[in-house]
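Here the structure comes first, spelled out in structure tokens, and everything after it is commentary.
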2 protein chains.
Amino acid sequence: MQLREDVIMAPEDPRRSRVTLLDVARQANVSRATASLVIRKSPLVGAETRQRVEDAIVALGYIYNMGAARLRAERSHTVGVIVPNLTNPFFAELLGGIEHAIDTAGMVVILANSGDLLTRQAAVIRRMREHGVDGLILCPAADTEEALPAQIGAWGLPAVQVLRQVTANADYAGADYAAGMRQAVDYLASLGHTDIAFAVHGPVHSAYHERVEGFREAMTARALQEDMIIRVPDQLGQIADATRLLFEQPRPATAVICFNDVIAHGVAAGLYDRGLTVGRDFSLVGFDDVTDAEAMRPRLTSVSTAPARIGENAARMLLERIANPGLPARRNVSATYLHIRQSCGPAPHFVT
Amino acid sequence: MQLREDVIMAPEDPRRSRVTLLDVARQANVSRATASLVIRKSPLVGAETRQRVEDAIVALGYIYNMGAARLRAERSHTVGVIVPNLTNPFFAELLGGIEHAIDTAGMVVILANSGDLLTRQAAVIRRMREHGVDGLILCPAADTEEALPAQIGAWGLPAVQVLRQVTANADYAGADYAAGMRQAVDYLASLGHTDIAFAVHGPVHSAYHERVEGFREAMTARALQEDMIIRVPDQLGQIADATRLLFEQPRPATAVICFNDVIAHGVAAGLYDRGLTVGRDFSLVGFDDVTDAEAMRPRLTSVSTAPARIGENAARMLLERIANPGLPARRNVSATYLHIRQSCGPAPHFVT
DNA sequence: GCGTCGATTTAGATCGATCTAAGTCCCCCG
DNA sequence: CGGGGGACTTAGATCGATCTAAATCGACGC
């Protein structure tokens with residue numbers, strides 16, 4: 001009788017009193033503890049009892065209260081993700097990969113944007129701590145101190161660095177940028193190019209250094225001039241104008257490798273503006289190989305880094321670290337490959 | 001004496017016993033309740049006491065425990081955001097706008113991807129409820145039942161629809177897609193075009209219908225053939241090939257309006273492949289005006305919808321509804337404008 | 001000197017789950 | 001027939017904040 005009343009009352013006032021585990025337990029004629037075990041899929045509970053509880057759950061429309069569980073169990077089923085910027089499609093793909101892996105693990109992503117600013121980064125990290133995330137995937141803002149990961153570790157918060165690394169003493173998932181640069185340089189050299197520029201922009205961080213170093217080493221290995229490194233604007237709309245810098249060099253470039261596909265896109269526009277045909281008059285290599293590369297004309301040859309895969313790797317590393325905090329620091333540096341399309345051609349006067 | 005020991009012990013074991021409000025209270029020689037009031041910036045507490053507590057907070061490195069607060073106070077300072085897809089730069093910009101507005105309100109975003117699938121959408125909504133989000137920003141998956149927002153409302157969960165609407169009985173933030181189509185059609189008509197196609201793809205939902213209807217009405221208003229609506233593939237890489245459909249019509253098109261900039265990008269590539277010059281031989285209008293539009297050559301004329309702004313609007317609406325659940329359903333439909341660049345020219349044989 | 005009032009402060013109950021440690025049963029073995 | 005063990009089940013304490021209702025304390029008016 002009384003139970004029947006409970007059932008009727010529950011949906012009556014949906015705002016103030018939500019259905020709780022105690023309601024479920026009463027409905028199923030078991031204790032709160034048993035109901036809790038059923039929810040957590042413990043093998044300890046009998047088949048018939050389990051069924052009764054599960055029926056009660058759907059009958060009452062019970063919704064698990066993570067907040068309460070977290071308080072007691074110290075696990076929030078929540079992962080913080082901090083990126084420096086959302087509008088670059090590269091980060092969107094990364095985020096997609098992370099979200100997918102985290103979701104299939106039954107957890108959710110709390111997202112924050114550091115804007116590549118140290119103060120904002122500190123603020124969002126604190127906020128993540130307040131929300132009790134189980135772990136952190138962090139693409140460190142430029143100029144992040146090397147000690148930050150250790151600091152985070154001292155707080156007992158598992159974390160992995162993604163795309164950029166500030167220290168080798170913490171987990172890291174990224175791509176082998178230097179090897180990617182080598183692939184690009186070797187390819188252009190095989191087409192006879194000797195005056196190869198590297199167009200860069202954005203903040204300076206480990207991924208930046210790795211690419212610059214990769215470029216320098218690959219160039220010197222072939223006894224080529226390795227200092228044609230050209231800064232272009234951050235805004236896509238303004239990159240085209242900066243293309244002229246490629247020709248205002250002591251020895252004008254005949255090919256350019258771009259720091260990312262955004263720059264490649266802008267430079268392609270700038271070359272078009274000068275009446276040059278990409279792939280014939282000038283060679284162009286991008287970096288990242290995001291989906292747009294396939295739709296450019298001519299199609300863009302680009303070093304593929306597969307950001308979605310990096311995101312999944314980072315998420316998996318984090319989950320493993322959460323499960324086993326004692327692990328030594330690990331690195332997951334995935335290989336890049338050069339996706340050759342149509343944006344490169346032989347150097348002028350070059351005969352194979 | 002004993003207090004001193006507490007202070008020393010607190011940092012000793014960072015994992016198991018975190019610093020709690022009670023520790024802060026003891027350190028500041030006040031009660032837990034007073035410390036709580038200080039944290040929540042209540043005006044009830046005296047200036048000198050407040051200072052003591054604030055000092056204790058920094059001295060102990062205290063971190064607020066949202067989870068515990070949520071349990072008692074029924075507010076999680078958390079907002080759920082559900083998008084159908086992350087890789088389209090359009091959604092990335094939307095997400096950026098949402099994140100920014102939510103962040104400045106001191107709350108965080110929990111992100112989920114529905115993949116435009118009803119079953120996944122249901123699953124992620126449930127997960128958001130489990131996490132006790134204070135509100136939901138939802139871009140409904142295609143074929144979402146009209147009753148869903150009412151359902152969510154019945155659960156006591158404030159929600160706003162974004163970009164797509166399944167009912168007028170719930171908050172909605174979007175853009176005036178039909179007006180955008182009208183602007184595009186009028187512009188092309190003013191250049192003398194009469195055979196105007198509309199290239200579409202993707203799932204069918206309210207934003208899709210609004211654009212198709214807007215196209216039809218604008219065309220019939222000018223006594224033009226309004227049924228050249230052409231479906232192209234979803235994958236950017238495959239759109240170029242489908243461009244031939246524009247010419248396999250009873251009366252071949254001389255201009256095309258694209259459902260979004262992704263299609264415009266692909267169609268531009270397809271026109272290039274046929275040896276046609278965009279803006280001279282054929283006219284092209286995009287929709288969304290994402291950042292790439294400026295970098296295409298020729299620059300893409302596109303209907304601007306400002307997704308970041310829509311995201312901010314949606315976030316603001318949600319915050320207002322959370323603050324005041326009694327409000328009637330509201331709509332925020334922002335105006336579009338035609339960003340004219342270089343991808344359109346006069347129709348063949350057309351003399352102004 | 002006493003009651004009242006405003007300004008602060010506080011004890012203790014409470015939110016909804018999990019965890020620990022201790023029961024129940026029931027069966028089977030010696 | 002007593003007891004040991006396996007398979008379940010459960011009472012009650014607990015996590016760390018907030019909220020309610022009440023206490024404390026001068027000061028002030030009468």
Side-chain angles (χ1 to χ4, degrees), chain A residues 6 10 13 15-54 56-57 60-78 129-132 134 156, chain B residues 6 10 13 15-54 56-57 60-78 129-132 134 156:
Chain A
D6 276 11
D13 187 353
R15 185 58 116 286
R16 301 200 52 82
S17 68
R18 64 192 281 172
V19 178
T20 156
L21 197 51
L22 186 56
D23 301 325
V24 170
R26 275 207 275 261
Q27 166 89 350
N29 256 307
V30 297
S31 73
R32 213 160 66 254
T34 303
S36 176
L37 290 175
V38 170
I39 282 181
R40 285 176 289 152
K41 308 200 191 308
S42 159
L44 288 179
V45 42
E48 195 264 347
T49 312
R50 152 164 293 126
Q51 190 58 52
R52 268 211 324 277
V53 173
E54 281 168 352
I57 286 174
L60 297 180
Y62 169 74
I63 291 287
Y64 186 64
N65 185 333
M66 279 290 177
R70 144 185 333 182
L71 182 56
R72 190 66 176 86
E74 298 281 299
R75 281 209 63 191
S76 66
H77 295 270
T78 273
R129 289 221 283 156
E130 294 182 346
H131 280 275
D134 291 339
Chain B
D6 276 12
D13 186 356
R15 186 57 119 283
R16 299 199 55 79
S17 69
R18 64 194 280 170
V19 178
T20 156
L21 197 49
L22 187 55
D23 302 325
V24 171
R26 276 207 274 261
Q27 165 91 348
N29 255 307
V30 297
S31 72
R32 213 161 65 254
T34 304
S36 176
L37 289 175
V38 170
I39 283 182
R40 285 175 289 152
K41 306 198 192 310
S42 158
L44 287 179
V45 43
E48 196 264 349
T49 310
R50 150 164 296 126
Q51 190 59 52
R52 267 208 329 276
V53 173
E54 280 167 354
I57 286 174
L60 297 181
Y62 168 74
I63 291 286
Y64 185 65
N65 184 332
M66 272 302 171
R70 146 184 331 181
L71 183 56
R72 190 65 176 85
E74 299 280 301
R75 282 210 63 193
S76 66
H77 295 271
T78 274
R129 290 221 283 155
E130 294 182 346
H131 279 275
D134 291 338

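Keep in mind that this is a model prediction, so the values were computed, not measured. Chain identifiers are assigned alphabetically (A, B, ...) following the order of the sequence lines, protein sequences preceding nucleic acid strands; residue numbering begins at 1 within each chain.
The shortest non-hydrogen separation linking B:Gln27 to B:Leu60 is CB-CD1, 4.0 Å. Considering all non-hydrogen atoms of both residues, A:Tyr62 and A:Ile39 come closest at CE2-CD1, 3.4 Å.
For B:Leu21, counting side-chain heavy atoms from C-beta on, the closest listed nucleotide (D:dA17, D:dT10, C:dC19) is D:dA17. Each of C:dT18, D:dG16, C:dT10 was ranked by its minimum atom distance to the side chain of A:Ser36; first place goes to C:dT18. Comparing C:dG16, C:dA17, D:dT10 by their nearest atom to the side chain of A:Val30 picks out D:dT10. Comparing D:dT9, C:dA17, D:dG16 against the side chain of A:Arg72 picks out C:dA17 as the nearest.
Atom CG in B:Leu71 sits about 9 Å away from atom P in C:dC15, given to the nearest Å. The separation between A:Glu74 atom CD and D:dG16 atom P is 6 Å, rounded to whole Å. When rounded to the nearest whole Å, the span between CZ of A:Arg70 and C1' of C:dC15 equals 14 Å. Distance CZ (B:Arg50) to P (C:dA7): 15 Å, rounded to an integer number of Å. A:Asn65 places its CG atom 17 Å from the P atom of D:dA17, with the value rounded to the nearest Å. Atom-to-atom, CZ of B:Arg26 to P of C:dA11 comes out at 12 Å; the value is rounded to the nearest Å. Atom CZ of B:Arg129 is separated from atom P of C:dG16 by 15 Å (rounded to the nearest Å). Here the C1' atom of nucleotide D:dA21 and the CG atom of B:Leu37 are 14 Å apart, to the nearest Å.
Phosphate proximity of C:dT8 to B:Thr49: absent, as no side-chain N or O sits under 4.0 Å from OP1 or OP2. Listed pair B:Ser31 / C:dT10 meets the phosphate criterion, a side-chain N or O lying under 4.0 Å from OP1 or OP2. Phosphate proximity of D:dC19 to B:Arg40: present, with a side-chain N or O under 4.0 Å from OP1 or OP2.
Of the residues near DNA chain C, A:Ile63 and B:Leu44, the one whose nearest nucleotide (by heavy atom distance) lies more toward the 5' end is B:Leu44.
A side-chain N or O of A:Arg40 and one of A:Ser36 form a donor-acceptor pair less than 3.5 Å apart. For the residue pair A:Ser76 / A:Asp134, a side-chain donor-acceptor distance below 3.5 Å is found, with atom types taken as modelled.
Within 4.0 Å (heavy atoms only), B:Ala33 reaches at least one base atom of the nucleic acid. Among the protein residues, A:Thr20 comes within range of the sugar-phosphate backbone only, with heavy atoms under 4.0 Å from sugar or phosphate atoms but none that close to a base.
Between B:Glu48 and B:Arg52 there is a salt bridge, since at least one side-chain N of the basic residue sits less than 4.0 Å from a carboxylate O of the acidic one.
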